[in-house]
> 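For reference, the structure I am asking about is given below.
In this text the structure is predicted, and so the values were computed from the model without any measurement. First the proteins, then the strands, lettered A, B, ... as listed; each starts at 1.
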2 protein chains.
Amino acid sequence: MDAQQIAQVRRFNRVVTQRVGALEDSYLARGRPLGQARLLFEIGPEGAELRGLRDRLRLDSGYLSRLLRALEEQGLVAMEASGDDARGRRVALTPAGLAEHAAYESGSQDFAATLLAALAPAERERLVKAMAEVEALLEASVVTIAFERPDTADAIACLSAYFAELDRRFQGGFDPGAPVERLAEGLAADGHFLMARREGRPIGCVALVPLDEATGEIKRLWIDASARGAGLSRRLMERMEDKARALSLTRLVLDTNRTLAEAQALYRRLGYQQIGRYNDNPYADHFFEKRLA
Amino acid sequence: MDAQQIAQVRRFNRVVTQRVGALEDSYLARGRPLGQARLLFEIGPEGAELRGLRDRLRLDSGYLSRLLRALEEQGLVAMEASGDDARGRRVALTPAGLAEHAAYESGSQDFAATLLAALAPAERERLVKAMAEVEALLEASVVTIAFERPDTADAIACLSAYFAELDRRFQGGFDPGAPVERLAEGLAADGHFLMARREGRPIGCVALVPLDEATGEIKRLWIDASARGAGLSRRLMERMEDKARALSLTRLVLDTNRTLAEAQALYRRLGYQQIGRYNDNPYADHFFEKRLA
DNA sequence: CGAATTATCTGACTAAAGTCAGGTAATGGA
DNA sequence: TCCATTACCTGACTTTAGTCAGATAATTCG
């Protein structure tokens with residue numbers, strides 16, 4: 001990355017934190033300490049477990065407790081017992097708290113609207129588009145990618161999400177042929193499993209299964225809907241190719257269904273070439289291979 | 001503007017202030033209270049007047065004084081008398097202060113680099129481009145546009161910048177034919193003058209001079225280089241069209257030089273049609289008109 | 001069951017941030 | 001010249017933010 005890019009990022013950081021950060025805070029504060037305001041906002045109309053609040057806002061448990069006491073005295077929140085674990089507790093907004101929350105919501109909306117109102121419609125659209133792009137790529141930049149065991153709860157959640165999506169998208173649905181757990185165990189025995197996480201939560205995966213001395217098969221490429229469009233699948237695939245090279249494989253193959261157009265486009269962009277059928281997978285319509293340098 | 005746009009802006013605000021704002025602060029702090037760190041950073045290698053610091057950082061004068069005392073005790077800054085007003089004071093960084101400032105600079109660079117390093121080169125480029133777009137449009141959104149007298153110092157600065165640019169761009173240079181001040185007085189007598197400012201500083205202008213009962217001429221459209229590409233000229237032109245309609249004009253005309261290609265493109269986009277020469281301006285090569293609805 | 005762990009709360013702190021009411025010296029206008 | 005204003009400083013506060021060491025009750029694991 002070059003100096004110009006770094007300079008642009010810094011300029012962006014400066015402008016945005018000034019223009020957005022400070023102002024948003026002032027809209028959010030509403031004459032209340034910012035800590036209390038943020039907490040009230042984070043609790044939200046559905047209420048929340050204290051545990052989660054501590055994690056999301058990175059608060060010391062003593063501090064959180066005190067903030068809650070303050071909001072409680074103002075009649076804005078009420079504490080409740082948590083469902084399954086009697087140690088944990090929940091907070092919910094009282095009617096007064098809900099009203100305050102709504103005021104925050106509309107303040108934040110007003111702020112966004114003010115920002116947009118200063119622009120002509122065409123520029124407005126450009127701004128919104130560019131913001132979406134920045135947001136998606138910033139999210140992508142905090143994604144971590146690592147090889148993991150495919151039989152952990154998180155990995156199985158990924159595989160299940162993948163199968164569920166295939167079931168939705170294939171005409172006639174999709175049946176993996178065996179329980180997810182069994183397939184995961186199989187992968188653990190003879191494959192490699194790469195997982196992408198954002199803030200700890202799994203958002204994507206891909207598997208590699210050696211077929212013979214020289215050939216590996218790419219399987220189970222899945223990206224959560226919230227993480228698409230930021231080049232994550234490419235990052236996963238490239239990382240897996242590195243692995244294949246490290247395993248001395250010289251050829252990767254994969255199959256795919258005709259409804260997965262964006263996947264096919266990705267494979268082509270990555271240098272995969274269409275080949276003839278190499279397995280009897282009834283769901284597969286297209287077959288690809290790539291020679292590894 | 002629609003709800004989706006507002007929602008996108010809010011999401012952007014949330015993600016960016018979390019990802020960028022908080023982290024940048026931690027890079028900036030370097031084990032020093034954030035207030036002191038910000039002040040040190042803001043003083044900069046050239047030093048600064050206390051007055052300006054108070055304004056830019058919105059600090060109480062007592063608080064600023066105290067922060068400076070703290071930095072002084074650490075040997076990072078030195079106070080000096082201000083040039084013209086013996087009440088005012090300046091701060092400058094000592095060698096130790098300069099070293100700390102440099103450390104902040106490099107920390108901020110590291111942060112930007114870390115952000116980019118997590119992305120593949122193609123995404124990196126997309127991110128930088130989108131950041132530039134957001135930055136430019138956010139800047140544009142704090143631009144204020146208003147009719148002002150054309151014979152103030154700021155307005156004359158705009159007109160001078162305009163003439164200087166024409167002089168640079170025209171083959172053979174440009175001679176306005178009279179001193180800027182005289183032309184400004186003329187405009188004040190029979191025209192209307194619209195000015196764009198960003199944080200108080202003039203960054204663009206346009207003038208309207210009625211030619212007869214029904215026709216007005218658009219002149220002196222200028223946008224500072226730092227403000228181009230965000231649709232400001234369009235905003236100025238549209239605002240001036242509104243003014244023309246309010247004056248019951250039904251037709252606007254303007255002339256332009258062949259080297260100003262982007263201006264011609266703008267006029268066409270705004271619905272101006274090319275017509276024959278309507279004056280004897282020796283610098284004009286193309287003539288346009290627009291019928292007002 | 002008993003020991004270790006976990007979730008929350010309370011009390012006792014400290015540091016940082018920010019406010020307010022004077023006070024002094026320089027400046028500018030009547 | 002005199003008086004209001006301005007720029008900065010100092011002292012005396014208050015509020016926020018955040019930390020840390022127990023205490024208590026529920027849960028989990030061996």
> Could you go through Q109(A) and R10(B), starting from their C-alpha distance and side-chain angles, then the distance that decides it, and tell me whether this counts as side chain to side chain contact (heavy atoms under 4.5 Å, CB included)?
CA-CA 7 Å; Q109(A) 283 207 2; R10(B) 292 183 66 196; 3.5 Å; yes
> Counting only side-chain N and O atoms of R54(A), is one of them less than 4.0 Å from OP1 or OP2 of dT8(C)?
yes
> Ignoring the backbone of D85(B), work out which of dA26(C), dA26(D), dA7(C) is nearest its side chain.
dA26(C)
> Just compare dA26(C), dC8(D), dA26(D) and give me whichever is closest to any side-chain atom of S61(B).
dC8(D)
> Separation of L59(A) atom CG from dC20(D) atom P, in whole Å?
15 Å
> Is R69(A) close enough to dT10(C) that one of its side-chain N or O atoms is under 4.0 Å from OP1 or OP2 there?
yes
> In whole angstroms, how far is the C1' atom of dA7(D) from the CE atom of M79(B)?
11 Å
> Any luck finding a side-chain donor-acceptor pair between S226(B) and D224(B) under 3.5 Å?
yes
> What is the distance from CZ of R58(A) to P of dG18(D), rounded to the nearest Å?
13 Å
> Using atom CG of L39(A) as one end and atom P of dA17(D) as the other, report the distance to the nearest whole Å.
11 Å
> Could you state the CZ-C1' distance from R66(B) to dA16(C), rounded to the nearest angstrom?
12 Å
> Taking the side chain of Y63(A) as heavy atoms from C-beta outward, which of dA26(C), dA17(D), dG18(C) is closest to it?
dA17(D)
> Are OP1 or OP2 of dT24(D) and a side-chain N or O of R87(A) less than 4.0 angstrom apart?
no
> Between G88(A) and G62(A), which has a closest nucleotide on DNA chain C that is more 5'?
G88(A)
> Rounded to the nearest 0.5 Å, what separates atom CZ in R32(A) from atom CD in Q74(A)?
5.0 Å
> Both D60(A) and G31(A) contact DNA chain D. Which one's nearest nucleotide lies toward the 5' end?
G31(A)
> From CG of L68(B) over to P of dA7(D), roughly how many Å is that when rounded to an integer?
16 Å
> Applying side chain to side chain contact (heavy atoms under 4.5 Å, CB included) between L194(A) and each of E148(A), R235(A), R239(A), K243(A), report the one that passes.
R239(A)
> Is there a donor-acceptor pair closer than 3.5 Å between any side-chain N or O of T17(B) and the backbone N or O of N13(B)?
yes
> To the nearest Å, give me how far apart CD (E49(B)) and C1' (dC8(D)) are.
13 Å
> Taking only the side-chain heavy atoms of S65(A) (C-beta and beyond), determine which of dA17(C), dT10(C), dT27(C) contains the nearest atom.
dT10(C)
> Whole Å only: how far is the CG atom of L64(B) from the P atom of dA7(D)?
13 Å
> Would you please confirm or rule out a distance under 4.0 Å between OP1 or OP2 of dC9(D) and any side-chain N or O of R89(B)?
yes
